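Only one structure is covered here, and it is reproduced in the block below.
Because the structure is a prediction, the values reported are computed rather than measured.
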Amino acid sequence: MSVRILAISGGSLLLLVNNYGNSFISSTALGVLLLILSALLALTGFGQDQLLTSLCLTISALWSGSGLVYILTGQGVLEPTELRSALVPGLAAFTLALLIIGSVALVAKRVLLSFIAVGVSLACAHQVAGLSAAGFGQSASAANYLVVCLAGGYFGLGRLISTVTQGGVQLPGSGLKLQTRRNAESCAPASVGVVMNLLSASVVACPLLGVVPQLSVGHVPWLWTAGIFQISMCVLSYRAMDTLAATVLGFTSVLRFAEGCSALSASYSIKPLSPAPLLVVFSVLFFILAVFGCQKSPMEGLYQLLLSSYCIAVASQSQGFFQSGAQSVQAAIFVVSAAMLAVCMVKMASTKTLSSGQSYFKALASRVRGVEFHDKEHHTPHLGYSKYADAELLGHGCSVLAAFALSVATHDSRASLVSVLPWVVTAGALQLLAGSVAFSRGKTFDSTVFIFYGLMWIIWGSARYAGLYGRVRGFNVAAGIIGFMLFDLLVAAAASFVSAAWFAYAITFQLVVISFLLDAVDAQPRGYDTAAAVIFGLVGFYCFVAELFNGTFKSPRIPLGEPLVKLGGARGARTCPHLPARRATSVQQIANVMKSGGVCGIPTDTVYVLVAACNRPDAVVKAYNVKKQAQDRPMSLWLSSIKQLESVRHLLSPLLLDFMEAAWPSSISMVIPRGPWMEAFGLGEAAKHIGTPQSIAIRSPDCSVATHLINLVGPIAVTSANPTGEADTTHHNQVYAKLGDKVDGVLCDGPSPENIASTVVDCTKIETGHIGFFRVGLIPKSKVLQIFAEVQKKHRGGRTNPAFENHPEGERSTCEREPDNFTSPSTPDAAE
């Protein structure tokens, strides 16, 4: 929070100096500085405080757009007389947006945030007045930025005093207490997305109101800034597990870039061309999203219907965004967006759960026989934990947009620059995003397809429709396309093992790539490219609807078809449960599997390990056979705490137990002599598989998940979750990949926190006052020796473990009577 508030104060100080000094800073320098501050604010603006996040990202977008306008002015792209026309639409939108945010912050008793939001809002309003009437408003704008600077200075002073006094003195309102609200998980991305719609509506609707003559190059920074921020909010919505909101934000970002390209066309005297078929398809996609969006909130569904209407309005007029029909719809979107922003902010700041109408929609739909909705956990990936929701919906939607954009391509390269390029290239970039999200969820095939197709849209769209290779035709261009064709054949072959729909998806894309090849060698049959694009677009549309429908309803489902090819033995193959380790219910499920004799993979404070309950000897034998354990890599014994040795404390050395108590939980394994104490764990004949005939490695991991699991099942036998001789397993996906159906369950926690094994300490002769090291791992040798020295010091001072105060000397550990020629054990498995 401190960095974000200070960044806003720094930008306000910059604008304060510029306004008081009557444009004291050159336009280019001012624009660059605003961009730097905008980037800093955007990078630090994300956080758990949703209200502050919305404020920071909104101000970041304001400074980004205005900074780009100032740079264009400084570089001569815009004349000084055009500065008013370029700045006013954007400043007007942010004036209203920040006023709404500030008002809600005041109601929520966030006085500091309210001062900042209202101060910047009034500064923008006075700047608009100053641009409309020379000499008016600049000093008032500077005064408002001064208020923001003072608010930031007050906050900084409060933090400084609190730090110096170590929290003893704290100025009112300068604390860092997090304001956690219900319903706020996905409100920040939604609110910022609505602000960007408000910005776009203001820019496009201003010519209708006579505020500016027409869309021009000066409006491009605002529109493209809105597009970039909506893509960022798309990512945040995936983090919030809100697929529908992420898809809508991705689609609206495409509109923003298309609007920007149309505004850019005016500078090059290019007649704007409305790609009507594409916009009709886009309208249908928005309509479908609106219908399904009603299950989340009827208000959001109605809001998305406005976007569908906007696409129809643009498609119905030859000059698209430049005509009154589209501008009138954007004026309506401006009003509704302001209302939606207020609703989002109130929902974010409210301490109560606000009804969104979702329950009514589900109750109505549930009356239909056979309809069953997915539960809240349907985004949990099959092979473990992911921070993102499914992105296949956006990936298929982008294929539909790119395909139908190609179907309206014209021979006029200048017209294609604004009517085709933004749709194809932007859709390709979003498909790369969808592929990245799919990869993070462990969906290798899906991510490969989306990334590959996204690259194809970007490369071909840029080369063909931006004129990068002009009229050149020949084998040099065709060679690269042939490479894409061969790769797509491999994708089609892999798709035949997935489903019929995926296979059709890959094969019809091959038709599109063939049209690219024919165009490259100047042998394109008339109408073939359009036909191929439409066929692929229809297949993509089916996949889009199926993904949306199946992601909403558990039943009924739209069929995607059985795999065309099935491997022998694959039918009925069993896949063990992969459960997120962050849920207590998941740990309980894995504990139940282990109590039933199962062998499971779990995360630890080092790498993933394979575990079995000691009180299930059959499971210990199974784990040993799964690994085909090498003799020089014995299994080890893990405890949740030293309390699990309570029943055998009279059989162990007091010094050893004090050392364990001081060193654990940690990544320190202690090798101690075998003895009768092991009989207490119910290992039976399976005890021979743990450790060597002379000794055994034992430790208590510094991992809450592992410790909780051991508390539930008792002491466990442990070995690394990889075949003997292979590298350690550092991700939950690797456990099943390496060991297959031999594993009965996996607790998933993403990448391992450390890729370094534990430190193995030789405690077989600890009573002599000496310890050794078989391996120095995560815990350094000096740290272990320091802990042991402190324990020895306590013993010399007569301070022993209280557990042994009532036991006679004759009951002390048998390890004290071990012969001097005791055989050192082999090093335990690396993960242990």
Side-chain angles (χ1 to χ4, degrees), residues 1 4 45-59 61 93-94 96-114 116-118 121 177-199 201 229-230 232-249 252 289-290 292-307 333-363 376 379 389:
M1 180 175 178
R4 289 175 274 182
F46 301 103
Q48 294 182 353
D49 190 336
Q50 301 292 298
L51 193 59
L52 178 59
T53 297
S54 299
L55 174 61
C56 290
L57 293 178
T58 300
I59 294 178
F94 282 108
L96 178 59
L98 288 167
L99 184 61
I100 294 173
I101 294 174
S103 301
V104 175
L106 183 61
V107 173
K109 299 181 181 180
R110 304 292 299 276
V111 179
L112 177 64
L113 300 188
S114 179
I116 292 174
V118 174
S121 173
K177 183 178 180 180
L178 180 63
Q179 302 289 326
T180 304
R181 306 290 186 187
R182 297 180 183 178
N183 311 308
E185 293 83 359
S186 59
C187 281
S191 63
V192 176
V194 171
V195 170
M196 297 304 108
N197 286 337
L198 187 76
L199 172 61
F229 272 79
Q230 283 183 326
S232 302
M233 295 307 102
C234 173
V235 176
L236 283 186
S237 294
Y238 280 125
R239 289 292 298 267
M241 297 295 169
D242 194 341
T243 297
L244 279 176
T247 306
V248 171
L249 286 167
T252 52
L289 288 173
F292 281 84
C294 288
Q295 56 127 351
K296 178 184 175 185
S297 168
M299 185 180 296
E300 289 188 24
L302 294 174
Y303 181 60
Q304 290 160 17
L305 281 178
L306 273 178
L307 299 175
I333 291 176
F334 180 87
V335 176
V336 177
S337 294
M340 282 295 297
L341 178 60
V343 171
C344 286
M345 299 307 299
V346 170
K347 182 180 178 182
M348 189 185 305
S350 175
T351 57
K352 299 180 181 179
T353 301
L354 301 181
S355 175
S356 60
Q358 180 182 16
S359 58
Y360 301 109
F361 178 87
K362 287 195 172 184
K376 294 181 179 180
H379 286 296

One should read off an interatomic distance between Q230 CD and L249 CG, to the nearest 0.5 angstrom, of 6.0 Å
So CG of L51 and CE of M345: to nearest 0.5 Å the spacing works out to 4.5 Å
query = Going by atom types alone, do Y303 and S297 pair a side-chain donor with an acceptor below 3.5 Å?
reply = no
One should read off an interatomic distance between L57 CG and F229 CZ, to the nearest 0.5 angstrom, of 6.5 Å
What one should report as the nearest heavy-atom pair of S54 and I101 is O-CD1, 4.4 Å
Heavy-atom nearest pair, S121 first then L98, reads CB-CB, 3.7 Å
Of all heavy-atom pairs linking A389 and T243, the shortest is CB-OG1, 3.5 Å
For S114 and G102 the tightest heavy-atom approach is OG-O, 3.0 Å
dist F334:CZ -> L306:CG (nearest 0.5 Å) comes out at 14.0 Å
On a heavy-atom basis, the closest approach of L341 and S191 is CD1-O, 3.7 Å
Which of D242, L289, T252 passes side-chain contact (heavy atoms from CB on, under 4.5 Å) with T247? It is L289
Closest non-hydrogen atoms of P189 and Q50, given as atom of the first, atom of the second and distance, are CD-OE1, 4.3 Å
- request: Quick one: do M348 and V104 satisfy side chain to side chain contact (heavy atoms under 4.5 Å, CB included)? Show the steps, please.
  value: CA-CA 9 Å; M348 189 185 305; V104 175; over 6 Å; no
query = Is there a side chain to side chain contact (heavy atoms under 4.5 Å, CB included) between L305 and L302 once you walk through the steps?
reply = CA-CA 5 Å; L305 281 178; L302 294 174; 4.0 Å; yes
- Start with the C-alpha distance between C56 and L52, add both sets of side-chain angles, then the distance that settles side chain to side chain contact (heavy atoms under 4.5 Å, CB included), and finish with yes or no. CA-CA 6 Å; C56 290; L52 178 59; 3.7 Å; yes
Taken to the nearest 0.5 Å, the spacing of M340 CE from E300 CD works out to 5.0 Å
So CD1 of I333 and CG of L307: to nearest 0.5 Å the spacing works out to 5.0 Å
